[in-house]
Amino acid sequence: MVNITLPDNSVKQFEEGVTGLDIAKSISEGLARNVLSVKVNGEVWDATRPIMEDARIKLLTWDDKEGRATMWHSSAHLMAEAVEKLYPGVKFGIGPDIDQGFYYDIDLGEKSITDADFRKIEDTMLQLARQKQAFDREEKSKKEALDYFSKKGDEYKLELIDELQDGEITFYKSGDFVDLCRGPHLPDTSPIKAVKILSVAGAYWRGDETRKQLTRLYGITFPKQKQLKEYLELLEEAKKRDHRKLGKELEIYTFSQKVGPGLPLWLPKGAQLRERLEQFLKKVQQDAGYEPVITPHIGKVELYKTSGHYAKYGEDSFKPIQTPVKNEEFFLKPMNCPHHCEIYKYKPRSYRDLPIRMAEFGTVYRYEQSGELHGLTRVRGFTQDDAHIFCTHDQIKSEFNGVIDIVMHIFKALDFKEFITQVSLRDSRDKEKYIGTDENWEKAEKAILEVAEERGLDAKIEYGEAAFYGPKMDFMVKDALGREWQLGTIQVDYNLPDRFNMEYVGADNMPHRPAMIHRAPFGSMERFVAVLIEHCAGKFPLWLTPEQAIVLPISEKYQKYAEKVLKLLNNYDIRALIDDRSEKTGKKIRDAELKKIPFMLIVGEKEEGDGTVSVRKQGEGDLGTFSIEKFAEMVNREVEEMIAP
RNA sequence: GCCUAUGUAGCUCAGUUGGUCAGAGCAGCUGAUUUGUAAUCAGCCGGUCGGCGGUUCGAAUCCGUCCAUAGGCUCCA
């Protein structure tokens with residue numbers, strides 16, 4: 001007998017070799033129907049795999065993340081089976097589950113799959129799923145495994161097997177499809193009731209662009225048709241929030257083929273919005289002891305050779321700019337730091353001067369690969385809200401804290417409640433990869449971890465993700481479609497102080513090397529505004545929006561009064577405009593709603609009579625009648641509250 | 001850069017097998033209307049159908065190529 005501990009800590013006895021499915025049946029038939037896999041001592045297993053010793057288990061269903069992962073992983077096999085049936089002779093790479101669904105990388109040889117083929121793959125999958133094919137687990141020796149796939153001629157699987165140890169190789173068979181796979185899988189294909197092939201894309205084998213490109217097929221499945229429908233509706237909703245759509249509609253930015261791809265043109269409303277963001281941060285930075293600096297957009301090639309950026313950005317980037325002077329070359333700056341390093345160096349520095357915090361909204365240019373450009377989130381010319389802090393190694397912790405204050409202040413003012421904090425440390429087993437002394441790395445990494453802990457940031461810690469020049473902390477936010485974008489970043493740098501031979505005179509009257517921190521709370525203005533648009537679905541926070549209110553006179557007769565209202569509002573620092581078109585009020589309201597202007601102030605005979613406005617809030621409706629003073633107070637109070645630290 | 005799609009007025013989209021197929025709505029302009037919480041009416045303007053080649057008596061429609069965009073891959077703010 002084995003003792004099985006359930007999540008509620010109750011212990012039940014079963015025969016040795018009992019399966020998760022058996023246990024589910026002993027609880028209820030309904031549960032048995034819904035169980036997708038089982039967690040056994042923290043490891044996810046097939047629900048049909050025998051349990052041979054005492055264990056703590058959790059039955060996994062669609063409501064569990066791991067349950068869905070099992071379903072999707074099995075669905076990837078099902079899709080592969082369907083593809084093999086429809087396109088005999090194809091070879092398979094890898095086919096994992098992902099956050100939302102699954103994919104399979106396929107070598108189709110001469111054939112190709114386009115979205116016109118999705119339907120027939122979906123149909124075949126459903127047809128196979130209905131056969132209730134069991135997923136059978138089989139342990140294989142390395143030799144057996146290699147034999148099988150050499151006979152099949154699938155060099156991808158052979159390569160994968162080659163890297164595995166004998167004794168840890170398992171195959172799964174469902175229907176006619178046999179795959180190298182760690183599992184776990186569904187008991188059978190029957191829970192897969194709704195299928196959607198989402199997209200087809202090229203993907204390099206093992207992510208290596210020097211190797212063959214396979215066809216990656218993305219899909220998603222659900223236990224109920226209704227869930228698929230809801231998922232597709234969710235995708236539609238997400239599309240409505242897309243900054244590329246809203247950015248166009250709200251006239252934030254545009255691109256011109258003549259100016260060039262990846263080079264955004266900020267329209268008046270977008271420029272206003274961006275300037276307001278910049279003013280906000282400038283004020284915060286001023287209060288935090290930053291000093292503004294301004295540097296040019298280009299610098300001599302030698303500058304970037306010193307900084308080391310030439311090696312990284314020189315080859316696949318904008319080519320240097322020639323001058324009439326022979327051998328004189330300038331580089332469009334891909335980073336602001338080299339210029340700032342030179343500012344540090346323009347005079348001798350004392351330990352009493354540190355920390356020095358140099359801030360600049362610096363525009364940089366990087367030649368991103370053409371396939372990488374994406375709205376405002378990935379462009380070729382962008383402005384970083386950059387600053388470099390030069391400090392002693394002992395000051396790193398307090399400087400980090402100061403930067404996080406700024407990041408949190410920004411997130412609060414913009415109502416970013418959900419963000420991911422990632423701390424990237426070095427891989428201590430591979431120290432050669434990194435520049436800087438052990439002692440300094442340890443000190444900085446400890447400081448970052450302590451800061452994250454003290455502030456309750458719940459940071460994801462990634463070892464080996466640090467830059468070669470120092471550890472860092474990044475802040476990430478998801479866009480409308482769930483893709484993560486890195487916004488703010490704080491990075492320690494041991495490299496540039498060396499390369500630029502920076503020094504300060506210590507209390508001991510000896511030269512010392514300062515530490516350097518790069519930081520950008522927004523990341524870049526372009527990406528930040530893009531993510532902001534998606535985050536608020538185009539309804540910008542009141543303090544930021546280009547137009548806070550629009551005055552809607554009922555008819556031409558109240559035009560004069562509308563102008564008076566506008567003037568008063570301007571006196572209260574409220575940004576407003578008048579819709580003086582000869583349209584009906586309903587139309588003016590509709591247009592203002594679509595433009596997402598927060599407040600509509602309707603004025604007619606009644607309002608003119610008692611010097612008031614009738615306030616309608618965007619997305620909410622009529623708020624009633626306000627005196628202009630009271631309305632202004634309400635707006636200004638809301639603004640104050642949002643941007644307060 | 002690579003894979004797979006897409007590209008028709010400022011915007012959103014029709015356009016069946018190549019032959020009155022260059023259209024609609026919104027926006028814009030003009031005029032009428034003077035309007036009370038999500039669309040007043042009428043008229044007008046607007047496109048060498050992404051660019052360039054080719055096939056054809058004839059191309060928005062078929063083919064090639066280039067450019068741009070979209071979803072991925074690699075890379076990054």
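Each chain gets a letter, A, B and so on, in the order its sequence line appears, and its residues count up from 1.
Residue-to-nucleotide contacts include a donor-acceptor pair under 3.5 Å from the side chain of A/R378 to the base of B/C75. One cannot find a donor-acceptor pair under 3.5 Å joining the base of B/G1 and the side-chain atoms of A/E368. For B/A38, its base never sits under 3.5 Å from the side chain of A/Q618 at any donor and acceptor pair. If you check distances only, the side chain of A/S582 does reach the base of B/U35 with a donor-acceptor pair under 3.5 Å. Between the side chain of A/Y367 and the base of B/G1 there is no donor-acceptor pair of N/O atoms closer than 3.5 Å.
In this model, the phosphate group of B/U35 is approached by a side-chain N or O of A/K557 to a distance below 4.0 Å at OP1 or OP2. Regarding contacts with the backbone of B/A77, every side-chain N or O of A/H518 stays at 4.0 angstrom or more from both OP1 and OP2. Checking the phosphate oxygens (OP1, OP2) of B/U34, no side-chain nitrogen or oxygen of A/K587 falls inside 4.0 Å. For the OP1/OP2 pair of B/A77 and a distance below 4.0 Å, the side-chain nitrogens and oxygens of A/Y365 include no atom meeting the criterion. One finds a side-chain N or O of A/S370 lying less than 4.0 angstrom from the OP1 or OP2 phosphate oxygen of B/G1. A sub-4.0 Å separation between OP1 or OP2 of B/U12 and a side-chain N or O of A/K248 is present. Close to B/C67, at under 4.0 Å from its OP1 or OP2, lies no side-chain N or O of A/Q257. A close approach under 4.0 Å does not occur between any side-chain nitrogen or oxygen of A/R519 and OP1 or OP2 of B/A77. The phosphate of B/U37 has neither OP1 nor OP2 within less than 4.0 Å of any side-chain N or O from A/R590. At least one side-chain nitrogen or oxygen of A/R616 sits closer than 4.0 Å to the OP1 or OP2 atom of B/A38.
Note on ring orientation: taking the six-membered ring where Trp is involved, the planes of A/F599 and A/F631 are perpendicular (angle over 60°, cut-offs 30° and 60°). Using cut-offs of 30° and 60° on the angle between ring planes, the pair A/F416 and A/H535 is perpendicular.
Pairing for B/G1 is with B/C73, a Watson-Crick or G-U wobble pair whose two hydrogen-bonding atom distances lie under 3.5 Å. Across all strands shown, B/C41 pairs with B/G31; the Watson-Crick or G-U wobble distances both stay below 3.5 Å. Shown here, B/G7 forms a base pair with B/C67; the pair counts as Watson-Crick or G-U wobble because both key distances fall under 3.5 Å.
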Begin with the C-alpha distance, continue with both residues' side-chain angles, and end with the deciding distance and a verdict on ring-ring contact (aromatic ring centres under 6.0 Å, His included) for A/F528 and A/F522. CA-CA 6 Å; A/F528 194 84; A/F522 290 133; 4.4 Å; yes

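A side-chain hydrogen bond (donor to acceptor under 3.5 Å, both in side chains) with A/N336 holds for exactly one of A/H297, A/Q384, A/E360, A/H388; it is A/Q384.
Each of A/Q491 and A/V603 was assigned the nucleotide of RNA chain B with the nearest heavy atom; the assignment lying further toward the 5' end belongs to A/V603. Remark on RNA chain B: of its neighbouring residues A/G375 and A/Y204, the 5'-side contact belongs to A/Y204, judged by nearest-heavy-atom nucleotide.
Atom CD in A/E556 sits roughly 13 Å away from atom C1' in B/G31 (whole-Å rounding). Regarding A/Q422, its CD atom lies at a distance of 13 Å from the P atom of B/C76, rounded to whole Å.
Residue A/K596 holds its NZ atom at 6.0 Å from CG of A/L246, rounded to the nearest 0.5 Å.
In this structure the side chain of A/T254 reaches within 4.5 angstrom of the side chain of A/L267, judged on heavy atoms.
Within 4.0 Å (heavy atoms only), A/E526 reaches no atom of the nucleic acid at all.
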